[in-house]
Structure formats: structure tokens, C-alpha cells
Amino acid sequence: MGSMFRSEEVALVQLFLPTAAAYTCVSRLGELGLVEFRDLNASVSAFQRRFVVDVRRCEELEKTFTFLQEEVRRAGLVLPPPKGRLPAPPPRDLLRIQEETERLAQELRDVRGNQQALRAQLHQLQLHAAVLRQGHEPQLAAAHTDGASERTPLLQAPGGPHQDLRVKASQPRG
């Protein structure tokens, strides 16, 4: 155990792994959390690397998990922390996990879009209801007052306020 002012002893080693065992070995070393990797091929572009497709898949998974985590937080829920260290999934399960998380993320995006559309529709309906209430208020106020007010019409139609309204269909000129 190192002191607060000294780092623990480390050893620089180079591993040569067969391709078939590379994923398993690297994931086990990563699960231990005691290994730091150095890129010995820094001059090689990302597109020329052997596992670039797998790295991109993991980056996309990370983005999807970040989105899902944000949506859970936005919903006011708290995810319990994992118990212990989670093992790396086997390569054959990685594609299934990616598809499932992308499906869930798309469903959440759809739900959020529907929620926003419903909120906009609710706002519009509330505006329409307010306009209708304001349109009926003068008639209700006039019916409940004894004396004349500014809102009370001077001439009242004998059958009610809307009896004399008629719609006349005009014929097109041609």
C-alpha cells in the first residue's frame, strides 16, 4: 500500500493476445480496474484500426445509455447503483443489448414527442375555453344585474339576444 505522497508501484508490461481471446482478456483486466492501457499505435488513424466498428458500437451504446439515464432522472426516478462490479457482456450479447436500448430510447423519444404535442393541444384547448368563457360572461352579467350597465345592450330582441340572427347564403357571381 502506497502512502499519500507516493504512488503505488507499477509495472509496464506488453501483452500479445490472440484475436480470439483478446475481448475476454481485455474485459477481465478492465473489470479488475487495475490496468491502464497505452496506445502503441498512436500514428494509425482511427479508421485503420482493427476494432473500430466495436469501439463505435460502444460509443453509441454509451450515448444511448446517457440519454436513457437523463430521461429517468427527468422523470424524477432514481436508479439504484449496481451491486459490485458489472461484468462486460459477451460479444454475442452486445448486439442484442444495443438493439434493445435503441428500441427503448426511440420509444422514449416518441413518448416525449407525444407528450409535447398533447401539452400544446391542451394549451390551445385552454385558450379556446377561456375565449368561450369570456364570450358568455357579458350575457351572464347582464342577466344578473338589476340596473343598466355598460355591457347591457340598450335594445333587447324580444326572443333573446340571438333570435334575429339569420344566415343568408349568397350565390356566386358569374
Side-chain angles (χ1 to χ4, degrees), residues 1-138 140-141:
M1 186 81 188
S3 74
M4 189 166 89
F5 300 106
R6 301 192 110 203
S7 62
E8 293 187 35
E9 284 199 28
V10 295
L12 179 62
V13 296
Q14 189 171 7
L15 295 174
F16 294 96
L17 303 169
T19 305
Y23 182 89
T24 306
C25 291
V26 171
S27 66
R28 293 281 166 88
L29 288 171
E31 289 169 12
L32 293 174
L34 300 174
V35 179
E36 179 180 323
F37 293 96
R38 285 191 183 173
D39 188 0
L40 298 178
N41 298 317
S43 62
V44 178
S45 73
F47 297 106
Q48 296 173 332
R49 295 180 185 248
R50 186 176 198 146
F51 299 106
V52 70
V53 174
D54 297 320
V55 171
R56 285 198 182 141
R57 178 179 292 145
C58 289
E59 288 172 349
E60 289 300 317
L61 267 172
E62 183 180 23
K63 288 179 189 176
T64 305
F65 281 128
T66 302
F67 169 75
L68 292 172
Q69 186 177 17
E70 178 64 25
E71 287 298 311
V72 167
R73 186 194 62 76
R74 189 178 285 162
L77 302 172
V78 178
L79 290 174
K83 296 176 181 156
R85 293 188 183 261
L86 296 176
R92 65 182 180 276
D93 291 345
L94 201 56
L95 184 60
R96 182 187 54 78
I97 292 170
Q98 182 182 15
E99 290 171 351
E100 184 70 16
T101 55
E102 286 176 359
R103 184 187 63 77
L104 289 172
Q106 186 57 45
E107 282 183 20
L108 273 175
R109 285 184 192 99
D110 293 343
V111 167
R112 189 190 317 165
N114 290 339
Q115 182 184 30
Q116 289 173 347
L118 286 172
R119 283 188 178 159
Q121 190 176 17
L122 175 65
H123 181 69
Q124 286 295 323
L125 290 172
Q126 288 172 335
L127 288 175
H128 289 302
V131 168
L132 289 173
R133 277 192 303 271
Q134 286 180 350
H136 289 299
E137 275 181 13
L140 294 174

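Values below: all heavy atoms of this structure, side chains included; hydrogens, waters and symmetry mates excluded. Counting from 1, the numbers follow the sequence of the chain as shown. Values in this document were obtained by computation on a predicted structure and should not be read as measured data.
Rounding to the nearest 0.5 Å gives a distance of 10.5 Å between CD of Gln106 and OG1 of Thr64. Here the straight-line distance linking atom CG of Leu122 with atom CG of Leu127 works out to 9.5 Å at 0.5 Å rounding. Residue Phe67 holds its CZ atom at 11.5 Å from OG1 of Thr101, rounded to the nearest 0.5 Å. The CG atom of Asn114 lies 11.0 Å from the CD atom of Gln121; values are rounded to the nearest 0.5 Å.
The environment of CD in Glu70 is crowded: more than 12 heavy-atom neighbours from other residues, nucleotides or ligands sit within 6.0 Å. Residue-environment remark: CZ (Arg112) exceeds the threshold of 12 foreign heavy atoms within 6.0 Å. When the shell of 6.0 Å around CZ of Arg92 is examined, it contains 12 or fewer heavy atoms from other residues, nucleotides or ligands.
In this structure Glu107 satisfies the salt bridge (Lys or Arg N to Asp or Glu O under 4.0 Å) test together with Arg103, sequence neighbours excluded.
A salt bridge links Lys63 to Glu60: at least one charged side-chain nitrogen sits closer than 4.0 Å to a carboxylate oxygen.
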Can you give the donor-acceptor pairs under 3.5 Å from side chains of residues 12-27 to other protein atoms, not counting sequence neighbours?
unit_1	atom_1	unit_2	atom_2	d
Tyr23	OH	Pro89	O	2.5
Ser27	OG	Tyr23	O	3.0
Ser27	OG	Thr24	O	3.0

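Gln98 and Leu61 make their closest contact through CA-CD2, 3.6 Å (heavy atoms, listed as atom of the first residue, atom of the second, distance). Of all heavy-atom pairs between Leu108 and Glu71, the closest is CD1-CB, 3.8 Å.
No donor-acceptor pair closer than 3.5 Å links the side chain of Arg57 to the backbone N or O of Leu95.
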Test log, rule side-chain contact (heavy atoms from CB on, under 4.5 Å), inputs Gln115 and Arg119 = CA-CA 6 Å; Gln115 182 184 30; Arg119 283 188 178 159; 3.1 Å; yes
